[in-house]
Amino acid sequence: ATGGENWIVNTGWTKEDWDHCFWHGVWCGTKGIVTAIYFPKQNGLGGFIPSDIGKLSKLQILYLVRNHIYGKIPSEVGMLSELEHFGIYESNIHGTIPSEVGKLLQLQSLELSNNNIYGTLPTEVGILSKLKNLALDNNNIEGTVPSEVGMLSQLQQLSLVNNNIEGT
């Protein structure tokens, strides 16, 4: 589904008999539970994020950078209650940021820069009290920054340049 046979590094992904904890880009915690999917540079990964992503209930890191990810961010990401770092930038994600991101109460970093995200920034982002980094630059986000963003007391970096955001 993600073109694994064409990746630059695809160790384990094309072999059904390999333990998923030994697949390239997958990290596991105790008992073989997936805690991270980490592709920090272009690897030829392509495709969309399936709604089944929500079944990875212990996922802490979802980092798919400079790959060929397209489609919308599924609302099921809201089921990733332990997610701390969510980064898909320099890709082809489009659509709106689902309001379900407000359920990611452990989230410290949300990086969706350089995509084709449009619509408004959901007010639910203001619930993410542990958020330190919010990078949404170079998209087509419009409207105003919700006042709820002002409640993010841990926020250290906010990057919204090159969008269609109005106001002061």
Let's go through Leu112 and Ile73 carefully: what are the C-alpha distance in whole Å and the side-chain angles of both, what is the deciding distance for side chain to side chain contact (heavy atoms under 4.5 Å, CB included) to 0.1 Å, and is it a yes or a no? CA-CA 10 Å; Leu112 301 172; Ile73 299 169; 3.8 Å; yes
Closest heavy-atom contact between Gly119 and Thr96? CA-CG2, 4.2 Å
To check you understand the geometry: which heavy-atom pair defines the closest contact between Gly32 and Cys21, and what is its length? CA-SG, 3.6 Å
Check: Leu158 and Leu152 side chains under 4.5 Å, non-hydrogen atoms: no
Could you tell me whether a side-chain N or O of Asn114 sits under 3.5 Å from a main-chain N or O of Asn139, the two making a donor and an acceptor? no
Any side-chain heavy atom of Val125 sitting closer than 4.5 Å to one from Pro146? no
Let me confirm one number: the CG-CD1 distance from Leu110 to Ile97, rounded to the nearest 0.5 Å. 6.0 Å
Would you say the side chain of Asn140 lies within less than 4.5 Å of the side chain of Ile117, judging by non-hydrogen atoms? no
Minimum heavy-atom distance between Leu59 and Ile37, given as atom pair plus value: CD1-N, 3.8 Å
Looking at Ser51 and Pro74, what are the two nearest heavy atoms and their distance? CA-CB, 4.2 Å
Rounded to the nearest 0.5 angstrom, the CD1-OG distance for Ile49 and Ser91 is 8.0 Å
Any side-chain heavy atom of Ile127 sitting closer than 4.5 Å to one from Val101? no
Do Ile88 and Met79 share a hydrophobic cluster, counting only Ile, Leu, Val, Met, Phe, Trp and Tyr and linking them when any side-chain heavy atoms are less than 4.5 Å apart? no
Under the side chain to side chain contact (heavy atoms under 4.5 Å, CB included) rule, what do His94 and Lys72 come out as? Steps first, then yes or no, please. CA-CA 5 Å; His94 69 272; Lys72 297 180 179 183; 4.0 Å; yes
Stepwise, does the side chain to side chain contact (heavy atoms under 4.5 Å, CB included) test hold for Thr123 with Val149? CA-CA 7 Å; Thr123 58; Val149 171; over 6 Å; no
Taking the six-membered ring for Trp, are Tyr89 and Tyr63 parallel (under 30°), tilted (30 to 60°) or perpendicular (over 60°)? perpendicular
Do Thr35 and Ile61 touch side chain to side chain, with heavy atoms closer than 4.5 Å? no
Separation between CG (Leu131) and CG (Leu107), nearest 0.5 Å, reads 5.5 Å
How many angstroms lie between atom CD of Gln157 and atom OG of Ser159, to the nearest 0.5 angstrom? 6.0 Å
Going from CZ on Arg66 to CD on Glu90, what distance comes out if it is rounded to the nearest 0.5 angstrom? 4.5 Å
Is a donor on one side and an acceptor on the other found under 3.5 Å between the side chain of Asn162 and the backbone of Asn138? no
Indicate, with yes or no, if Tyr118 and Ile141 share a hydrophobic cluster defined by side-chain heavy-atom contacts under 4.5 Å among Ile, Leu, Val, Met, Phe, Trp and Tyr. no
Given Asn133, which of Glu111, Gln156, His85 fulfils the side-chain contact (heavy atoms from CB on, under 4.5 Å) condition? Glu111
Is there a side-chain contact between Ile69 and Ile93, using heavy atoms and a 4.5 Å cut-off? yes
Would you find a donor on one side and an acceptor on the other, under 3.5 Å apart, between the side chain of Asp137 and the backbone of Ala135? no
Looking only at non-hydrogen atoms, find the nearest pair between Pro122 and Pro98 and report the distance. CG-O, 4.3 Å
Testing the basics here: between Leu62 and Leu83, what is the closest heavy-atom pair and its distance to 0.1 Å? N-CD1, 3.8 Å
What distance do Glu76 atom CD and Glu100 atom CD have between them, rounded to the nearest 0.5 Å? 8.0 Å
Report the C-alpha separation of Lys130 and Gln106 in whole Å, then their side-chain angles, then the decisive distance to 0.1 Å, and conclude whether the side-chain hydrogen bond (donor to acceptor under 3.5 Å, both in side chains) test is met. CA-CA 6 Å; Lys130 295 185 178 183; Gln106 301 304 313; 2.7 Å; yes
